[in-house]
Trainee: 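The structure that follows is given in the form of structure tokens.
We name chains A, B, ... by the order of the sequence lines, and we start the count at 1 in each one. As the structure is a computational prediction, the values presented were derived from the model and not from experiment.
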Amino acid sequence: MENNKKTSDFLHIGNKLLMWYDKNARDLPFRNTKDPYKIWICEIVFQQTRIAQGLNHYNNFIKRFSDVKTLAESPEDEVLLYWKGLGYYSRAINIHKAAQQIINDYDGVFPPEYEEILKLKGVGKYTAAAVSSICFNGKMPAVDGNFYRVLSRIFADDFDVSNSRAFNYFSELAHLIMPENVGDFNQAMMDLGSEICKPRNPLCGECPLNRDCLAFSLNKTSEFPVKTKKVKATDLGLQYYFVHRNGEFLIQQRKDDFIWKKLFEFPLQISEELMPFIKSVKTINHKLTHKNLSIEIFNVEVDSEEIWKNFTATNDYMITDVKNSQEKSFPKPLENYIQNYQTAYRFF
DNA sequence: AAGACGGGGTC
DNA sequence: GACCCAGTCTT
């Protein structure tokens, strides 16, 4: 232990938290089940994602892929389609692979042990702890951003959460207050962190732990957690050619080695013969967490059926139309562009 | 150990 | 505009 708190007893804090959770747990669709499949999916969906943002995606996903077998046997592009707009698309690709792992390596039965859950693609220490504790009475704290925030405030601990040892450090801190019912404890920490112990302007007046919170008693909640890591924005100069005719347009699929893994996009270059058909250029500025994207979209309106057919037949592009574009997963800025085009197209 | 990876909400 | 969020994977 890297602190001197071990000699004191903080278990009453966890018990207080459980009593609060009994009365104040959020009513969420995955709260009334211990089905490891559903808990697993919800843990992946809500990684780095707020409940309000991902709730519809979760419900639609469960409705379409109701069990591991259904998910494992579905095409990857359809899984990506149900992930459309959620971001971090490798989660969808990994969730699909993990479903096949469960079918192939565990005979279709979700493995109950923490160490086995951890072997699933896209499942790290947090998710493995959450699923094993909620579904199988596992005893690992599910240390996430909420744990960092709540624990650093309770103990007024300035350990840098950007430090790579933060996970282990706050895991040990969690053990100090962790009661027997770890599944409810983990979920209670999530609810407290999201509803009360918020990143900014926490509702300390309503917090069941305010009398146990050192940061609150020092009036220094805004100083925790300590995080030094900085985000840097880089600019990508993307240029797309929106090549279309009669409501059809050309698309291709991205690789899985960069942003927007395996999502569909417009061609990044066109042949010389299409240059005369460029009608206009639109610049879109799109912000990601770590990148600013300035995207130029060349509107290439092909009014010659001969050239259109010749071009589309001799290249590796796919053709889709404004209606069928709904069946593909596009990056958000391109999705918006197609939506606008669709709106304009209705006037013709 | 450090970057990369989305999108949306908040202040 | 900076920061944050039910983190994980790659290098």
Side-chain angles (χ1 to χ4, degrees), chain A residues 25-26 28-31 38-58 80 83-95 97-98 117-131 133-134 141-150 152 160-168 170-171 183 185-195 197-202 222 224-234 236 254-263 285-293 329-336:
Chain A
R26 287 177 292 180
L28 300 170
F30 42 86
R31 277 287 163 75
K38 289 180 181 168
I39 299 299
W40 165 51
I41 298 296
C42 98
E43 292 303 338
I44 303 295
V45 167
F46 294 110
Q47 282 170 9
Q48 301 289 287
T49 306
R50 292 165 200 280
I51 295 295
Q53 186 185 350
L55 205 48
N56 285 335
H57 282 85
Y58 169 79
L80 277 168
W83 214 263
K84 176 157 64 174
L86 257 188
Y88 285 140
Y89 299 98
S90 59
R91 290 185 294 176
I93 295 166
N94 284 333
I95 224 172
K97 288 178 181 165
I117 299 172
L118 195 55
K119 291 178 182 171
L120 299 175
K121 291 274 189 273
V123 171
K125 288 182 288 187
Y126 161 77
T127 302
V131 175
S133 68
I134 294 170
V143 178
D144 67 341
N146 291 307
F147 273 63
Y148 290 161
R149 196 165 56 254
V150 173
S152 67
D160 184 359
V161 300
S162 303
N163 189 310
S164 57
R165 302 201 319 278
F167 186 91
N168 289 331
F170 284 98
S171 292
F185 171 73
N186 283 334
Q187 297 184 85
M189 288 287 278
M190 298 175 201
D191 277 13
L192 188 80
S194 125
E195 305 288 283
C197 198
K198 300 189 293 184
R200 277 170 296 193
N201 303 330
S222 64
F224 302 97
V226 171
K227 177 186 284 190
T228 61
K229 190 167 54 183
K230 300 162 184 59
V231 293
K232 67 166 190 284
T234 61
L236 276 63
R254 293 187 66 84
K255 308 294 185 196
D256 64 351
D257 57 352
F258 192 40
I259 61 171
W260 298 327
K261 298 180 205 300
K262 296 191 179 183
L263 266 54
N285 291 311
H286 185 69
K287 282 176 67 72
L288 301 179
T289 304
H290 302 286
K291 289 179 171 43
N292 292 323
L293 307 183
S329 198
F330 289 91
K332 200 64 180 181
L334 302 189
E335 174 95 15
N336 292 341

Trainee: Counting the atoms with a prime plus P, OP1 and OP2 as sugar-phosphate, which does A:Arg31 contact under 4.0 Å by heavy atoms, base, sugar-phosphate, or nothing?
Mentor: base

Trainee: Ignoring hydrogens and angles, are the base of B:dG6 and the side chain of A:Thr289 linked by a donor-acceptor pair under 3.5 Å?
Mentor: yes

Trainee: Calculate, to the nearest 0.5 Å, the distance between atoms OG and NZ belonging to A:Ser90 and A:Lys121 respectively.
Mentor: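 So the gap between those two atoms works out to 12.5 Å.
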
Trainee: Any idea which heavy atoms bring A:Arg149 and A:Ser152 closest together, and the distance?
Mentor: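 In this case the closest contact between A:Arg149 and A:Ser152 is O-OG, 3.1 Å.
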
Trainee: Using only atom types and a distance under 3.5 Å, with no angle test, would you say the side chain of A:Thr127 pairs donor to acceptor with the backbone of A:Glu43?
Mentor: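 Such a contact is absent between A:Thr127 side chain and A:Glu43 backbone.
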
Trainee: Distance check, C1' atoms only: B:dG9 and C:dT8, in whole angstrom units.
Mentor: 23 Å

Trainee: Checking contacts here: which listed nucleotide (C:dG7, C:dC4, B:dG7) is nearest the side-chain heavy atoms of A:Lys332?
Mentor: B:dG7

Trainee: Please determine whether any donor N or O and acceptor N or O are separated by less than 3.5 Å between the side chain of A:Arg26 and the base of C:dA6.
Mentor: yes

Trainee: I'd like the C1' distance from C:dC9 over to B:dG8, given in whole Å.
Mentor: 23 Å

Trainee: If you check the A:Asn146 side chain, which of C:dA6, C:dC4, B:dG7 turns out closest?
Mentor: C:dA6

Trainee: Provide, to the nearest angstrom, the distance between the NZ atom belonging to A:Lys227 and the C1' atom belonging to C:dA2.
Mentor: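 About 12 Å, once rounded to whole Å.
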
Trainee: Return the value, rounded to whole Å, for the distance between atom CE of A:Met190 and atom P of C:dG7.
Mentor: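 One finds 9 Å between P of C:dG7 and CE of A:Met190, rounded.
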
Trainee: Counting just side-chain N and O atoms, does A:His286 come under 4.0 Å of either OP1 or OP2 of B:dG7?
Mentor: yes

Trainee: Atom CG of A:Asn292 to atom C1' of B:dG7: distance rounded to whole Å?
Mentor: 14 Å

Trainee: Would you measure the distance from the C1' atom in C:dA6 across to the matching atom in B:dC11 and give it in whole Å?
Mentor: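 It comes out at 22 Å once rounded to the nearest Å.
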
Trainee: Rounding to an integer number of Å, can you tell me how far A:Lys121 NZ sits from C:dC9 C1'?
Mentor: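 One finds 10 Å between C1' of C:dC9 and NZ of A:Lys121, rounded.
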
Trainee: What's the OH-C1' distance between A:Tyr148 and C:dC3, to the nearest Å?
Mentor: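 From A:Tyr148 OH to C:dC3 C1': 17 Å.
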
Trainee: Would you call the rings of A:Trp260 and A:His286 parallel, tilted or perpendicular, where under 30° means parallel and over 60° means perpendicular?
Mentor: tilted

Trainee: With a 4.0 Å cut-off on heavy atoms, is A:Lys198 in touch with a base, just the backbone sugar-phosphate, or nothing at all?
Mentor: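 Result for A:Lys198 = nothing.
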
Trainee: With heavy atoms under 4.0 Å as the rule, sort A:Phe30 into base, sugar-phosphate or nothing.
Mentor: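 The residue A:Phe30 makes base contact.
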
Trainee: Show the nearest heavy-atom pair for residues A:Lys291 and A:Leu236, with the distance to one decimal.
Mentor: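 Scanning both residues, the minimum pair turns out to be CD-CD1, 3.5 Å.
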
Trainee: Rounded off to whole Å, could you give me the CG-to-P distance for the A:Leu28 and C:dA6 pair?
Mentor: 12 Å

Trainee: Can you measure A:Phe167 atom CZ to C:dC9 atom P for me and round it to whole angstrom units?
Mentor: 12 Å

Trainee: Would you classify A:Gly85 as touching base, sugar-phosphate or nothing, given that sugar-phosphate means primed atoms plus P, OP1 and OP2, and contacts are heavy atoms under 4.0 Å?
Mentor: sugar-phosphate

Trainee: Mapping A:Gln53 and A:Tyr126 to their closest nucleotides on DNA chain C, which lands nearer the 5' end?
Mentor: A:Gln53

Trainee: Do A:Arg91 and A:Asn94 have a side chain donor and acceptor closer than 3.5 Å?
Mentor: no

Trainee: Nearest 0.5 angstrom please: A:Ile39 CD1 to A:Arg31 CZ, how far?
Mentor: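 The CZ atom of A:Arg31 is 8.5 Å from CD1 of A:Ile39, to the nearest 0.5 Å.
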
Trainee: With a 3.5 Å distance limit and no angle check, can you tell me whether A:Thr49 reaches the backbone of A:Gly54 through a side-chain donor-acceptor pair?
Mentor: no

Trainee: Can you tell me, in whole Å, how much space there is between the P of C:dT10 and that of B:dG6?
Mentor: 14 Å

Trainee: Sort me out a list of protein N/O and nucleotides 2-5 of chain B N/O pairs below 3.5 Å, or just none if empty.
Mentor:
residue, atom, partner, partner atom, Å
B:dA4, OP2, A:Lys232, NZ, 3.3
B:dC5, OP2, A:Lys291, NZ, 2.6
B:dC5, N3, A:Tyr88, OH, 3.2
B:dC5, N4, A:His290, NE2, 3.4

Trainee: Does the A:Asp160 side chain pair with the main chain of A:Thr228, one donor and one acceptor, at a distance under 3.5 Å?
Mentor: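 Yes.
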
Trainee: For A:Leu55 and C:dA6, what is the distance between atoms CG and P respectively, to the nearest whole Å?
Mentor: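 Atom-to-atom, A:Leu55 to C:dA6, this comes out as 14 Å.
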
Trainee: Any base atoms under 4.0 Å from A:Lys125, or only sugar-phosphate, or nothing? Heavy atoms, all strands.
Mentor: sugar-phosphate

Trainee: If you measure from CD1 on A:Ile117 to NZ on A:Lys119, what distance do you get to the nearest 0.5 Å?
Mentor: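 Taking CD1 in A:Ile117 and NZ in A:Lys119, the distance rounds to 11.5 Å.
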
Trainee: Taking the side chain of A:Arg149 as its heavy atoms from C-beta onward, which of C:dC5, B:dG7, C:dA6 lies nearest to it?
Mentor: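 It is C:dC5.
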
Trainee: Does anything in residues 39-52 of chain A reach DNA chain B, meaning a heavy atom under 4.0 Å, and if so which residues?
Mentor: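 Going residue by residue through residues 39-52 of chain A, the ones with a heavy atom under 4.0 Å of DNA chain B turn out to be A:Gln48, A:Thr49, A:Arg50.
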
Trainee: Look only at the side chain of A:Arg254 and the backbone of A:Pro331, and say whether a donor-acceptor pair between them is shorter than 3.5 Å.
Mentor: no

Trainee: Rounded to whole angstrom, note down the C1' distance from B:dC5 over to C:dC4.
Mentor: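 About 16 Å, rounded to a whole number of Å.
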
